[in-house]
Amino acid sequence: MQKIETMLFEDYKMHPDAQVRQSLLWEFDLDQFDWQTMRDTVVQRVMERGRMDDFYAILNLYGEEGVKAALKAIPYMSDKNMNFACVTFNLGKEELKCYTKKQSATQHWSS
């Protein structure tokens, strides 16, 4: 298992009580929420709008490899979030579905 390369989240295990904010998943009933089935959605929301505690929470919940797997499967991320994910979790852009999907999209000539 690769260690996260940045100082940003390496101490996530020191925050075992961190939880994903309910406001990130506002449209779901969290009492009935299946955190494992919805992993990709949770990771995507944290990437888009998460705070430090939200990142600690997903790392504790899914582990480093689980977060990486979710990042690879997310169908859309902004360029900024894509770059952040690659740098923070030591991923190549080519490993991300959102990047390969973006590259294969038809480009129209600008007039």
Side-chain angles (χ1 to χ4, degrees):
M1 180 163 63
Q2 279 187 318
K3 185 167 175 34
I4 296 175
E5 299 292 332
T6 182
M7 298 289 288
L8 191 57
F9 301 120
E10 74 180 359
D11 63 342
Y12 73 90
K13 290 180 181 175
M14 296 175 63
H15 303 273
D17 296 332
Q19 294 184 355
V20 175
R21 287 177 294 132
Q22 292 181 356
S23 61
L24 293 180
L25 302 164
W26 60 271
E27 73 268 49
F28 298 103
D29 177 5
L30 296 185
D31 293 330
Q32 305 295 318
F33 195 75
D34 184 342
W35 291 91
Q36 295 306 313
T37 302
M38 298 297 289
R39 178 193 69 183
D40 296 354
T41 300
V42 173
V43 171
Q44 182 171 10
R45 296 289 175 87
V46 171
M47 283 301 299
E48 291 171 346
R49 298 180 189 92
R51 297 179 184 159
M52 210 59 165
D53 279 348
D54 299 315
F55 280 95
Y56 291 146
I58 63 170
L59 284 163
N60 281 312
L61 184 59
Y62 304 120
E64 294 173 31
E65 294 305 314
V67 171
K68 285 182 180 185
L71 289 170
K72 290 176 184 180
I74 294 172
Y76 174 79
M77 267 193 275
S78 70
D79 289 343
K80 178 180 164 184
N81 288 340
M82 195 182 327
N83 287 326
F84 178 76
C86 289
V87 169
T88 303
F89 294 98
N90 197 26
L91 296 169
K93 285 184 179 179
E94 299 77 21
E95 296 179 73
L96 304 177
K97 180 179 183 179
C98 59
Y99 179 78
T100 57
K101 187 175 177 182
K102 189 177 206 177
Q103 295 304 308
S104 65
T106 305
Q107 299 292 322
H108 297 286
W109 290 90
S110 59
S111 47

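In this chain, residues are counted from 1 in sequence order.
Here the CE atom belonging to M77 is positioned 6.5 Å from the CE atom belonging to M82, to the nearest 0.5 angstrom. Taking CG of L71 as the reference point, atom NZ of K97 lies at 13.5 Å (rounded to 0.5 Å). For the atom pair R49 CZ and N81 CG, the distance stands at 9.5 Å (nearest 0.5 Å).
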Would F84 and M47 count as a side-chain contact (heavy atoms from CB on, under 4.5 Å) here? Give the steps. CA-CA 9 Å; F84 178 76; M47 283 301 299; 3.5 Å; yes
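You'll find the side chain of I74 stays beyond 4.5 Å of the side chain of L96, heavy atoms only. A 4.5 Å side-chain heavy-atom check between E64 and F89 finds every atom pair outside the cut-off. Inter-residue side-chain proximity for M52 and F9 is flagged as met; some heavy-atom pair is nearer than 4.5 Å.
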N/O donor-acceptor pairs under 3.5 Å from side chains in residues 53-62, not counting sequence neighbours:
unit_1	atom_1	unit_2	atom_2	d
D54	OD1	R21	N	3.0
D54	OD2	R21	NE	2.9
D54	OD2	R21	NH2	3.0
D54	OD2	R51	N	2.8
Y56	OH	D11	OD1	3.2
N60	ND2	Y12	O	3.1
N60	ND2	H15	O	2.9
N60	ND2	Y56	O	3.1
Y62	OH	W35	O	2.6

Run the side-chain donor-acceptor check on residues 24-33: report pairs under 3.5 Å with partners two or more places apart or on a different chain.
unit_1	atom_1	unit_2	atom_2	d
E27	OE1	R45	NH1	3.1
E27	OE2	R45	NH1	3.4
E27	OE2	R45	NH2	2.6
D29	OD1	D31	N	3.1

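The closest donor-acceptor contact from the side chain of Q44 to the backbone of Y76 lies under 3.5 Å.
Residues passing the salt bridge (charged side-chain N to carboxylate O under 4.0 Å, His left out) test with E48, sequence neighbours excluded: none. Q19 is linked by a side-chain hydrogen bond (donor to acceptor under 3.5 Å, both in side chains) to nothing, counting only residues two or more places apart in sequence or in another chain. Applying the side-chain hydrogen bond (donor to acceptor under 3.5 Å, both in side chains) test to N83 and every residue at least two apart in sequence or in another chain returns K93. With sequence neighbours excluded, no residue forms a side-chain hydrogen bond (donor to acceptor under 3.5 Å, both in side chains) with D17.
Heavy atoms only, all atoms of each residue included: C86 and G92 are closest at SG-C, 4.0 Å.
Annotation for Q22: atom CD does not count as buried by contact number, only 12 or fewer foreign heavy atoms lying within 6.0 Å.
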